[in-house]
Every structure is written in C-alpha cells, then in structure tokens.
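Convention: sequence-line order gives letters A, B, ...; per-chain numbering from 1. What you see below is based on every heavy atom in this structure, not just the backbone, and it leaves out hydrogens, waters and symmetry mates. Treat the numbers as computed from the prediction; the structure is a model and nothing was measured.
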Protein chains: 2
Amino acid sequence: MATTPGSSSNQPPSRRIAEELRAAIESGRFAAGEKLPSERALAQQYGAARNTAREAIRILSEEGLVTARHGSGVFVREPQRLFRFGSDRYSRSNRETGLTPFRLEARRQGKEARIDVVGITRERPPRDIAERLGVSADEESVLHRENHYFADDEPVQIVSTYLRWAEAEGTPLTQPRTGKDGIYGRLEELGHVMTRVRDEITARMPTPAEAEVLGLLSGVPVIEVLHTSLDQESEPFEVSRYVHRADLTGLLYELSVE
Amino acid sequence: MATTPGSSSNQPPSRRIAEELRAAIESGRFAAGEKLPSERALAQQYGAARNTAREAIRILSEEGLVTARHGSGVFVREPQRLFRFGSDRYSRSNRETGLTPFRLEARRQGKEARIDVVGITRERPPRDIAERLGVSADEESVLHRENHYFADDEPVQIVSTYLRWAEAEGTPLTQPRTGKDGIYGRLEELGHVMTRVRDEITARMPTPAEAEVLGLLSGVPVIEVLHTSLDQESEPFEVSRYVHRADLTGLLYELSVE
DNA sequence: AAGTGGTCTAGACCACAAG
DNA sequence: TTGTGGTCTAGACCACTTA
C-alpha cells in the first residue's frame, strides 16, 4: 500500500499543525467565530517554536479559514451572507423601481446602502476598456466615474464606469447626481437603448489598493466583471469594471438556451 | 499635509521591500518570467535578516505577483492565456459540433484536451446540490460524476455533475462513456430538453485538495460555478459544480435585455 | 558542488485589545 | 497590566535545481 502524500505523517510540523486545526474547524470542534489557542499556546502544545505555530496559522489564514485580530486572537471566519446580483439587474423593469440593483439587494438584507462618488474625471482609458468601448487608448477619450459601494458602512464593491467623453461632455453625466434613472436614463436620452450586455468575469487576488478600499482580510479574492452595454445598433456605449469582494458576492445568470 | 499611510515611509522593512519590488515589477524593471534577486541577496542589499526579505517575497506571492520555485529562485509570474467560456456553451448548436466547449476552447488555443473520469458513484448529495436538483439530502439520491479537465496535461478545471439516481440508474449515464452528445444526449432521451440554465458564480481560495489537483500556486483563487439545467417544464434535471483555476479562466455571459 | 527556496529555533521588542 | 498578534534577528539544516 502506498503512503498518502497529503496525509499527516512525514509533513513539516507547521503543516501538520495547520492540518489538525483545519480538521478541528471543519468538524466543528472550533465553531465559526470561535477563538483558536494563541500562537504561544499552540507552540507549547506541539513542542515547537512560536514561529512554527504562527506559520500554521498563516496557512489557514491564506485559505480564508481563519482571521487574526491584532491584540485579541485568531478566530474561525464566519460565513457571510452573499450579495446576490442576478442577470435581471440590467433590465428596465428593475431600473424602474427607482432603486439600483445594489440598493435593492442591500434592502433585502436589511442593510443601509451608501454609494460614494470618489471621482469623475476625463482620462485616457485602460487598454481593455478602450477596446470594448471602441475609443482610442492614446487620447483622453473617456469620462471615468468611480464609485465605492457600502452596506452598513462596510465596503462591498468598486465600480469604474467609462463613457465616451464626446458624448458625456456638458451633460449631467459629468455631475455627481445624474438625475432620474441614473446614467442609463441620460444615455437613453442620447439615443442609446440598452438591448444587450456582455459580462466578462474573472477572479484574482486584490491589489494592495483594492484590499485597503474593500477592507479585505487575507485569503479573500475579488471577482472582476468587465461589463459592456450595447445599444439597439449593437454599438457599445458604456463599459464598467466591477471589483467585488468575493466573500460577499454571488453573481447569478439565468439564460434561455436557444 | 497629512502623511499617506500607505507610502513607503514608516512601514516595517518587509513591507517596504515588498513595495519596492512591486513597483519594480509593475514598471517593468523586472519583466514577466524574470528572476528576482535571491532572498539572501535581498537581505544583504537591505541590511535585513533573510527572514525579512523572505516575508517580502511572501507578500508578493500571496498577491499572485511572483512565484517561488524551490531550488531555482523567485520569478515574476507571467500572465496566462485565458480559457474563455461563453454563455453559448450550453447551446444546442454548440453541442452539435460534436466537441464539448472545453475541447473547442482547447483547440482554439492549440492545446490538447484530456478529460479524466475520476469517479462515478451513487451518493448523498451536498445540501446546495440537493436543493437545486430537488432531491433529498438524506438519501443516496444522486449519481455523482466527477471529471478533471486538462489542456496539454495542465489541469484546468474540476467538474462534479449530479443527476437523479432514479433516472440515471441502469442507463449509460452510469458509464464512463455516455455515447453521442454526452450526458445531455442521454438526458434528452429521458425527456429533458434543456431550455434554461442558471449559473451561480462565486470565487474563493482553493481547498488544499483542489490546490493539489489543479496544481495551484499560492495567490491563485478558484471560480466556483453552480450550474443548474432546467427542462421544458422548468424542472431542474442536472446540477454541476465547476471549480475553475482563476488564473486560466474567463467566463463570458451575453444577455439580451428584455 | 554551489546556490536556491523551505523550514525551524529561541529568543526579542513593538502595537494593539481588553479587563 | 496582561495577553495577543506583528515583526525582526542570526543563526541552522534540509530539499531541490542546475551546472
């Protein structure tokens, strides 16, 4: 019989400690929210140096299983309620509730939504945006609106919306308050009726800047959605980059199959 | 003027080193694939202990920026070509090419697809699966097929498909080779025409088991898709859990807006 | 054989939290 | 004030890669 390489024997002490703690967490011996033994206690318990116990904790923290709070201890991470964004979030009927999808979802969870406008500037677009919006990446061809979304003051997502500068210039689109039905209302007045959308989805670890804005603990990735709105002539007229906290976000797509 | 807390001053040495290396990588002074100075060299260069330089490397590795290769060095990670899975992957026209979406995409990249059937068993379904498939979570109510997908022998995704045992029993669905048009072909013979699908998308760090199967380096999350197929009577007849390597996967959804 | 990362030790001091 | 995690030091030995 072959020895299982992933099993507890023959592993460095730090991994063995991590493995035992993981098993204890998954079996519920340490419940969600509960405090683990301190690094010093673990070290003594296993007859290892503190750094070795600490390395075990680091492994679990990278997996998103536990989270360390400076000064108080290491705790089993609690599963969070997801913000669910359905593919109907782009529909007109949804827009006509007068609430954005984010506000709707926050209300559903009994939380208070807040949206901070952190910047409205004319810019040279990033390459991926320029391609999808059909503008030059070498000129200041876009209006960039950046918003941060909060639920009960907890940051949830970062949204960067890009519009053609030539269209947005001089309109309420350059203002913090865009009026009834938001930017899509204004864009419709400019002749763009949203008829199709494309969402391109990836996931990755956050940049340090994103981690700070979103208050991300280690072991929490982000979901990045590159969203393109197409009008009645299949022309792209708006591109947005959504950066979602993965521990708080579920995306839902419902499709008819041909 | 307030001091910027995130800036280079007033930070612990390990973070300062990480920050300088990050800047060097992002500016291109260290190109993709290039080797960074060794931990010992960095330590000497910054007048720190080796562990301090090592901690800096760990920070960058957790961000997915660099990857350490035992015995050879630390390298700037190279951006990978994404496997793109469009929402048309469920369409009949696509199925009738005789190639699965994965094989199609692999071919598009000039890679050889391989699909390993790692298990076909009767099981008690996980809670989330049971809910969606409309079966009991307390009995062995499902057939579970688990496949691993490779491109040029590199693991790309893990797929667990769940079908009602009552329907699958005694059919080719319990066999490794399911015949023409795969499981959907057989399910159609059982009276289930796929008319709608729901994809629920989240991202998270991999479990140790997933990390091993997928060969994941640190700092690479997974995208989890919980897929439900609905038939002409809006009854769910198949549920699958896709676990994708996030560094190799882009999902694409195209929708009409009513 | 030489150089690299992986792991460990046994201390130390600091920053933060809570009683 | 006490206990916690955060960071650092200056070593050491091992495992792996490359020449």
Side-chain atoms of B:S14 come closest, of D:dT7, C:dG5, D:dG6, to D:dT7
Taking C:dC8, D:dT7, C:dG6 as options, the one with an atom nearest any side-chain atom of B:A68 is C:dG6
Please determine if a side-chain N or O atom of A:T52 lies less than 4.0 Å away from the OP1 or OP2 oxygen of C:dT7.
-> no
Applied to residues 64-80 of chain B, the salt bridge (Lys or Arg N to Asp or Glu O under 4.0 Å) test, sequence neighbours excluded, yields none
B:R58: partners by side-chain hydrogen bond (donor to acceptor under 3.5 Å, both in side chains), with sequence neighbours left out = B:E55, B:E62
Does A:R15 have a side-chain nitrogen or oxygen under 4.0 Å from the phosphate oxygens OP1 or OP2 of C:dT7?
-> yes
Salt bridge flag under 4.0 Å for residues B:E140 and B:R124 | no
Ignoring backbone atoms, test whether A:S38 places a side-chain nitrogen or oxygen under 4.0 Å from the OP1 or OP2 oxygen of D:dT4.
-> yes
Is the closest basic N to carboxylate O distance between A:E105 and A:R108 below 4.0 Å?
-> yes
Kindly write out the residues that satisfy ring pair (Phe, Tyr, Trp, His ring centres under 6.0 Å) with A:Y242, not counting sequence neighbours, or none if the list is empty.
-> A:H244
As a check of understanding: the bend across the helix from C:dA1-D:dT18 to C:dA18-D:dT1, end axes from five pairs, rounded to 10 degrees, works out to 10°
How would nucleotides 10-19 of chain C be written as a contact map, 5' to 3', with B for base contact, S for sugar-phosphate-only contact and - for no contact, using protein heavy atoms under 4.0 Å?
-> B-B--BBS--
Counterpart residues, side-chain hydrogen bond (donor to acceptor under 3.5 Å, both in side chains), relative to A:R245 (two or more places apart) = A:D247
Consider the side chain of B:K35, meaning its heavy atoms from C-beta on, and name the nucleotide among C:dG6, C:dT4, C:dC8 that approaches it most closely.
-> C:dT4
Other residues, nucleotides, ligands: >12 heavy atoms within 6.0 Å of B:Q44 CD = no
On DNA chain C, check which nucleotide each of A:G47 and B:L36 is closest to and give me the residue with the more 5' one.
-> B:L36
In terms of side-chain geometry, is the basic nitrogen of B:E200 or A:R84 positioned less than 4.0 Å from the acidic oxygen of its partner?
-> yes
